[in-house]
Amino acid sequence: MSIEVRIPTILRPHTKNEKVVTGEGETVGELFADLDTRYSGLRARVVTEEGALHRFVNVYINDEDVRFIGGLEAKLADGDSVTILPAVAGGM
């Protein structure tokens, strides 16, 4: 099963500057583990040592926030698109 993953600019040094990579896994957690075998350090930027999504990283499956559909246990299907977005904060 092939999953397309869109990589934000800040994480591209981990993917050899690739904007889009592909990975495999039945869940989001498995996908990040698979990606880390080819792109060392990527998983640590998205997943904490405790096994949860980092607080300021948003992950979407086909435009659905994974926090509302199971987090790292959210199921993936062949052809899904996963987007990683770092949260942006600002102020005056």
Side-chain angles (χ1 to χ4, degrees):
M1 152 167 48
S2 181
I3 308 297
E4 177 183 272
V5 182
R6 298 182 187 284
I7 307 295
T9 304
I10 197 165
L11 295 180
R12 289 183 193 157
H14 296 283
T15 61
K16 303 171 189 157
N17 292 317
E18 294 291 325
K19 294 178 183 181
V20 178
V21 297
T22 58
E24 296 183 6
E26 292 185 18
T27 66
V28 172
E30 289 176 10
L31 173 66
F32 286 132
D34 176 62
L35 290 174
D36 205 52
T37 65
R38 287 183 305 285
Y39 307 109
S40 182
L42 180 62
R43 182 179 185 277
R45 301 294 301 215
V46 180
V47 179
T48 67
E49 289 181 13
E50 293 78 26
L53 287 173
H54 277 287
R55 184 174 174 192
F56 298 110
V57 175
N58 300 307
V59 178
Y60 298 88
I61 301 172
N62 304 325
D63 300 323
E64 285 193 64
D65 190 332
V66 300
R67 284 188 168 90
F68 300 109
I69 57 173
L72 293 174
E73 295 302 315
K75 298 291 184 192
L76 295 167
D78 192 33
D80 277 347
S81 177
V82 171
T83 303
I84 304 169
L85 287 176
V88 177
M92 298 189 163

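Keep in mind the model is a prediction, meaning the values are calculated, not measured. This chain uses plain numbering: 1 for the first residue, then up along the sequence.
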Q: Go through the steps for V46 and V59 under the test side-chain contact (heavy atoms from CB on, under 4.5 Å), then give the verdict.
A: CA-CA 9 Å; V46 180; V59 178; 4.1 Å; yes
Q. For E64, what residues pass the side-chain contact (heavy atoms from CB on, under 4.5 Å) criterion, not counting sequence neighbours?
A. I69
Q. NE2/H14 to CG/L35 distance, rounded to the nearest 0.5 angstrom?
A. 12.5 Å
Q: Report the residues that fulfil side-chain contact (heavy atoms from CB on, under 4.5 Å) with E26, sequence neighbours left out, ordered by chain and then residue number.
A: M1, E30
Q) What about I10 and Y39, same hydrophobic cluster or not, with Ile/Leu/Val/Met/Phe/Trp/Tyr joined at side-chain heavy-atom distances under 4.5 Å? A) yes
Q) How would you list, by chain and number, every residue that makes a salt bridge (Lys or Arg N to Asp or Glu O under 4.0 Å) with R6, sequence neighbours excluded? A) E4
**Q.** Partners passing side chain to side chain donor-acceptor pair (under 3.5 Å) against E49 (at least two apart in sequence or in another chain)
**A.** none
Q. Once you round to the nearest 0.5 Å, how far does OH of Y60 lie from CZ of R67?
A. 8.5 Å
Q: Nearest 0.5 Å please: distance from the CG atom of L31 over to the CZ atom of R43.
A: 11.0 Å
Q. Is it true that a side-chain atom of H54 and a backbone atom of A44 form a donor plus acceptor pair closer than 3.5 Å?
A. yes
**Q.** Those residues that, when tested against D34, pass salt bridge (Lys or Arg N to Asp or Glu O under 4.0 Å) (two or more places apart)
**A.** R38
Q.
As a quick check of understanding, evaluate side-chain contact (heavy atoms from CB on, under 4.5 Å) for L11 and L42, giving each step before the final call.
A. CA-CA 7 Å; L11 295 180; L42 180 62; 4.0 Å; yes
Q. Under 4.5 Å between side-chain heavy atoms, hopping through other hydrophobics if needed: is there a path connecting V57 to V47?
A. yes
Q: Just jot down the side-chain contact (heavy atoms from CB on, under 4.5 Å) partners of R12, sequence neighbours excluded, or say none.
A: I7, T9, T15, N17, K19
Q.
A side-chain contact here means heavy atoms from C-beta on lying under 4.5 Å apart; do V28 and I61 qualify?
A. yes
Q: Apply side chain to side chain donor-acceptor pair (under 3.5 Å) to T48 and list each qualifying residue two or more places apart in sequence or on a separate chain.
A: E50
Pairs under 3.5 angstrom only: tabulate donor-acceptor contacts from the side chains of residues 71-86 to other protein residues two or more places apart or in another chain.
residue	atom	partner	partner atom	Å
D78	OD1	S2	N	2.9
D80	OD1	N62	ND2	2.8
D80	OD2	A77	N	2.7

